[in-house]
Amino acid sequence: PLYSRGNLYAVGAGAFNGLTNMTSLIINTMFLISRSSVLITGTKLLLVFLISVLFYREKFTKLQVVGAVLGAVAVILFNL
């Protein structure tokens, strides 16, 4: 069927992917590429973590939370 869950998911994923690409292009015009890549990469890590907690109700251990925080810090430090 045209309106199956898989099709709706694919349309939603495609729309969000396009929105992400458009946002990346806008951010690249506002900041230097060296700064915007940090902003984009760090934001992706944060959003994936928040979406998994808020929408998928995942429960993370303390070690996983520490790993996510250290990953975000590493992205920032590598791009200073």
Side-chain angles (χ1 to χ4, degrees):
L2 183 61
Y3 296 107
S4 70
R5 287 185 85 173
N7 289 340
L8 291 177
Y9 173 78
V11 168
F16 280 112
N17 189 26
L19 183 63
T20 301
N21 291 336
M22 186 178 72
T23 304
S24 297
L25 290 173
I26 291 170
I27 289 173
N28 285 337
T29 62
M30 296 170 61
F31 300 102
L32 295 172
I33 296 292
S34 61
R35 299 287 182 224
S36 65
S37 65
V38 175
L39 182 63
I40 292 168
T41 305
T43 303
K44 285 180 184 178
L45 288 172
L46 178 65
L47 285 177
V48 167
F49 189 78
L50 289 176
I51 287 170
S52 63
V53 169
L54 297 175
F55 292 107
Y56 296 115
R57 308 274 190 239
E58 291 189 26
K59 305 290 185 200
F60 292 104
T61 64
K62 290 179 184 178
L63 184 61
Q64 288 171 321
V65 173
V66 168
V69 170
L70 287 177
V73 169
V75 167
I76 294 168
L77 290 177
F78 279 131
N79 290 293
L80 287 179

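Residue numbers count from 1 along this sequence.
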Sorted by chain and number, sequence neighbours left out, side-chain contact (heavy atoms from CB on, under 4.5 Å) with Thr29 holds for none

All heavy atoms of Lys59 vs all of Gln64, minimum pair found to be O-OE1, 4.1 Å

Using the rule that Ile, Leu, Val, Met, Phe, Trp and Tyr join whenever any side-chain heavy atoms are under 4.5 Å apart, tell me whether [X] and [Y] fall into a single cluster.
X	Y	result
Leu19	Val11	no
Leu77	Val66	no
Val65	Val53	yes
Leu63	Phe60	no
Phe16	Ile27	yes

*Counting N and O atoms only, with roles assigned by atom type, does the side chain of Asn17 sit under 3.5 Å from a partner on the main chain of Ala13, one being a donor and the other an acceptor?*
no

